[in-house]
Engineer: 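Sharing a structure, written as structure tokens. Questions coming.
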Amino acid sequence: MEAPGESRDAAASLRAAGAGPGSPVAVAWAPDGVGLAHEGTAVWQRGDGVAVVRRVLHELRPRLTWWSAADALPLLSGGVRVPSSWDVAATHRLVAGGSAGHPGTVWAAARGLAAGHLPRTGQLDLLGGLADGQGGHGHDDPVDAHDPVRPDGYLRPDWAETGPPDAVAAAAWARAALEVAAAHRAVLAALPDPRRDPPAPALAELTAWSESAAEVLAVELGETGLPVDRATALALVEERAGPRPADAAEAAATRAARDAEVRDLVRGAADVDLRNPAQVRDLLHRAGIDVPDTRSWRLEPFRTAHPVVDALLRWRKAERVATTYGYAWLDRHVGADGRLRGTWTGCDGAAGRMTASAGLHNLPAELRPAVAAEPGHVLVRADLGQVEPRVLAAVSGDQDLAAATAGPDLYAPVAGRLGCDRATAKIAVLAAMYGQTSGTAGEALAGLERAYPVAMDHLRAADASGRAGRHVRTYGGRLVRMWHLENPEPAAVSARGRFARNAVVQGAAAELFKMWAVTVRAALPPGAQVVLCLHDELLVHAPAAAADEVVALLHECLRRTAARWAAGSGVRLVADVSVVTRWSDAKG
DNA sequence: GATTTCACGTA
DNA sequence: CGTACGTGAAATCC
């Protein structure tokens, strides 16, 4: 491997090395410049790294590779249109499962090195030497100050922690990312394509591209934020939690008044701490209500038994807003520009859904009127209709279930086939996908087995795999790991079965959704941005004049995504799209 | 001070 | 009709 070379024109150097349209070029940033790599060639250039990459993109039209989508941030901030990219961390999560993404972990996994021996920062001197020239403590292997790999094969932890120290190191760092990407491609290429009629590229590779783009979208969502009408938000909070307290004493008084509405309904309950479940249970007991715990679904049937139950449940709702979604929450997460910002991940540790902090994914419906388009703009809200049963039809290859996706409502034809009503059919399908433990879907469930044996076998196979502790792979190739059970009690074994059964459906649905979302993102007109991803729902903030265009785009992007993702399955995927001013205006 | 339990919001 | 996630408060464990 050649040492990285300095370049005055990185684009020309990369072109000389064979880079061109669509070819992989890795990027790594350093404080003093940028490193770039194509195949075995690594170059570095000092100065404005963003300008260098902008020029490389313009002249070569390559596909970028990076250790993680955090490397997209300088480009996004610099207003550079980020093209399709390959995210080494995201692809690691796809091929290996889990939520890891640190370069050291990813490198070790790709090289087959034991994760238990991963070096940490500060240990480098024990294993061969330091970059600053302090000795090797008797070891024979000299450590190249610009080699990202240590003599023992692991990646140097100091660079992984803080990034390469300079542009020379960044070039080698970029080349190392390319090496991992090549290893991942080989793993993905060996996975079978589950589609009946697979067009190129193979589904697992397509998924890797999509997941990579989803990571960029996650970074972008964290920057963009969700538009919030602060006045409405404050009004909604005030209705539920009272006026904003001026000081701690006032806050305590408001709280005490709220507590009193519940305590006053039961004799001798003046000192009960309503935030303490054990004390609440005692209070209910004094009111003649005996419950094993105080969860709201358990208390619901007792709403009419004693007024304290209704008061308590209403208190809980108000308390939720006051503590979790109150003034402190608005102060912490809504910026001066009226954008609610949280931290996004492109995939969680389990089946691969996106996650978001700052309450973005669990905002109570009653606060949704506060999510509003800015002046001159609209919110285009779109969600995938009945996505999980449609996904089940696609991933299992069940032609009869696929036939049921032809219309807008999948459950009607299923009910016809089963000879039951629609509501029963819906419960049966959901019970099959999620592995019911209670309730009475019995007869309809047996009907499903007869009518759609291919889909039901697919679910049963996943369930059996989970019970046995064998990992499963989703349709797009994501490894979903099963955990070891010290003492495999039946309850734990069947919980693992339900987890696996759910993961193959939920995980595939997440892959489909992300592919749709990133296709939409790449096609949006100027001024329009994706502002929220919610598992099967997309929210786009767009100039009012572009509303119709965005609506058409959401449908068209789903058509294009389905043509690749569900090629040959005969499954129809549908989106419900509406143009609104406030999120709450859309039907849910 | 860190971890666990309970509770509850979203899909 | 089950899974997943993030959150806050109180209890629990050092």
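The analysis underlying the following values was restricted to heavy atoms, covering all of them including side chains, and did not include hydrogens, waters or symmetry mates. Here is how names work: the chains are called A, B, and so on, in the same order as the sequence lines, proteins then strands, and each is numbered from 1.
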Engineer: With sequence neighbours left out, write down each residue that passes ring-ring contact (aromatic ring centres under 6.0 Å, His included) with A/W315, or none if nothing qualifies.
Structural biologist: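 With neighbours one apart ignored, the set is empty.
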
Engineer: I need the CG-C1' distance between A/D576 and B/dA11, as an integer number of Å.
Structural biologist: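 Interatomic distance, CG of A/D576 to C1' of B/dA11: 15 Å.
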
Engineer: In this structure, how many angstroms lie between the C1' atom of C/dA4 and the CH2 atom of A/W483, rounded?
Structural biologist: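 That distance rounds to 11 Å.
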
Engineer: Mind checking what makes salt bridge (Lys or Arg N to Asp or Glu O under 4.0 Å) contact with A/R303, not counting sequence neighbours?
Structural biologist: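 Applying salt bridge (Lys or Arg N to Asp or Glu O under 4.0 Å) to A/R303 gives A/E300, A/D310.
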
Engineer: Using the side-chain heavy atoms of A/T323, tell me which of these nucleotides is nearest: C/dG8, C/dA10, C/dC5.
Structural biologist: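 Given the options C/dG8, C/dA10, C/dC5, the side chain of A/T323 is closest to C/dG8.
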
Engineer: Excluding sequence neighbours, so at least two apart, what forms salt bridge (Lys or Arg N to Asp or Glu O under 4.0 Å) with A/R258?
Structural biologist: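 Here the qualifying residues are A/E319.
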
Engineer: Who are the ring-ring contact (aromatic ring centres under 6.0 Å, His included) partners of A/Y452, not counting sequence neighbours?
Structural biologist: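 So A/Y452 forms no ring-ring contact (aromatic ring centres under 6.0 Å, His included) with any residue.
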
Engineer: Rounded to whole Å, how long is the line connecting atom CZ of A/F499 with atom P of C/dT3?
Structural biologist: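 Going from CZ in A/F499 over to P in C/dT3 covers 10 Å.
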
Engineer: Base, sugar-phosphate alone, or nothing: which one does A/A358 contact when heavy atoms must sit under 4.0 Å apart?
Structural biologist: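 Sugar-phosphate contact only.
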
Engineer: Side chains of A/T294 and A/R316: is there a donor and an acceptor less than 3.5 Å apart?
Structural biologist: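 Judged by distance alone, the side chains do pair up.
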
Engineer: Measure from the side-chain heavy atoms of A/R368 and tell me the nearest of C/dA10, B/dT10, C/dA4.
Structural biologist: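 Output: B/dT10.
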
Engineer: What is the distance, to the nearest angstrom, from the CZ atom on A/R353 to the C1' atom on B/dT10?
Structural biologist: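 My rounded result for the distance is 9 Å.
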
Engineer: Taking N or O atoms only and anything under 3.5 Å, show me the protein contacts with nucleotides 6-9 of chain B, one pair per line.
Structural biologist:
from	atom 1	to	atom 2	distance (Å)
B/dA7	OP1	A/T294	N	3.0
B/dA7	OP1	A/T294	OG1	2.8
B/dA7	OP2	A/R295	NH1	2.8
B/dA7	O3'	A/R316	NH1	3.4
B/dC8	OP1	A/R316	NH1	2.6
B/dC8	OP2	A/S296	N	2.8
B/dC8	O4'	A/R320	NH2	2.8
B/dG9	N2	A/N362	ND2	2.8
B/dG9	N3	A/N362	ND2	3.4

Engineer: List the residues meeting side-chain hydrogen bond (donor to acceptor under 3.5 Å, both in side chains) with A/Y325, not counting sequence neighbours, and say none if there are none.
Structural biologist: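 Only A/N362 meet the side-chain hydrogen bond (donor to acceptor under 3.5 Å, both in side chains) criterion with A/Y325.
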
Engineer: Quick one: is C/dT3 close enough that its OP1 or OP2 comes under 4.0 Å of any side-chain N or O from A/R498?
Structural biologist: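 Yes, because at least one side-chain N or O of A/R498 sits under 4.0 Å from OP1 or OP2 of C/dT3.
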
Engineer: On DNA chain C, nearest-nucleotide positions of A/T355 versus A/N276: which is more 5'?
Structural biologist: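 Result: A/T355.
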
Engineer: What is the distance from NZ of A/K426 to C1' of C/dG2, rounded to the nearest Å?
Structural biologist: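 Going from NZ in A/K426 over to C1' in C/dG2 covers 14 Å.
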
Engineer: Give A/A356 one of three labels, base, sugar-phosphate or nothing, depending on what nucleic acid heavy atoms sit under 4.0 Å from its own.
Structural biologist: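 Since only primed, P, OP1 and OP2 atoms lie under 4.0 Å of A/A356, the category is sugar-phosphate.
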
Engineer: Nearest 0.5 Å, please: how far is NZ in A/K426 from SG in A/C420?
Structural biologist: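 Answer rounded to 0.5 Å: 13.5 Å.
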
Engineer: Using a heavy-atom cut-off of under 4.0 Å over every strand shown, decide if A/R298 touches base, sugar-phosphate, or nothing.
Structural biologist: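 If one applies the 4.0 Å heavy-atom cut-off, A/R298 turns out to touch nothing in the nucleic acid.
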
Engineer: By nearest atom, which of the nucleotides C/dC5, C/dT7, C/dA10 is closest to the A/A350 side chain?
Structural biologist: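 Selected nucleotide (nearest to the side chain): C/dC5.
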
Engineer: Under the salt bridge (Lys or Arg N to Asp or Glu O under 4.0 Å) test, which residues partner A/D264, sequence neighbours left out?
Structural biologist: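 Salt bridge (Lys or Arg N to Asp or Glu O under 4.0 Å) list for A/D264, sorted by chain: empty.
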
Engineer: What residues form a ring-ring contact (aromatic ring centres under 6.0 Å, His included) with A/H541, not counting sequence neighbours?
Structural biologist: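 Expected list: A/H377.
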
Engineer: C/dG6, C/dT3, B/dA11: which one has an atom nearest the side-chain heavy atoms of A/L534?
Structural biologist: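 Of the candidates, B/dA11 comes closest.
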
Engineer: Using a heavy-atom distance cut-off of less than 4.0 Å, which residues of residues 222-259 of chain A contact DNA chain C?
Structural biologist: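 Here the set is empty: none.
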
Engineer: Can you tell me which nucleotide in C/dG8, C/dC1, C/dA4 comes closest to the side chain of A/L430?
Structural biologist: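 Closest nucleotide among those given: C/dC1.
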
Engineer: Are A/R314 and A/E261 close enough for a salt bridge, meaning some N to O gap below 4.0 Å?
Structural biologist: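 No.
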
Engineer: How many whole angstroms separate atom CD of A/Q506 from atom P of C/dG2?
Structural biologist: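 Atom CD in A/Q506 sits about 15 Å away from atom P in C/dG2.
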
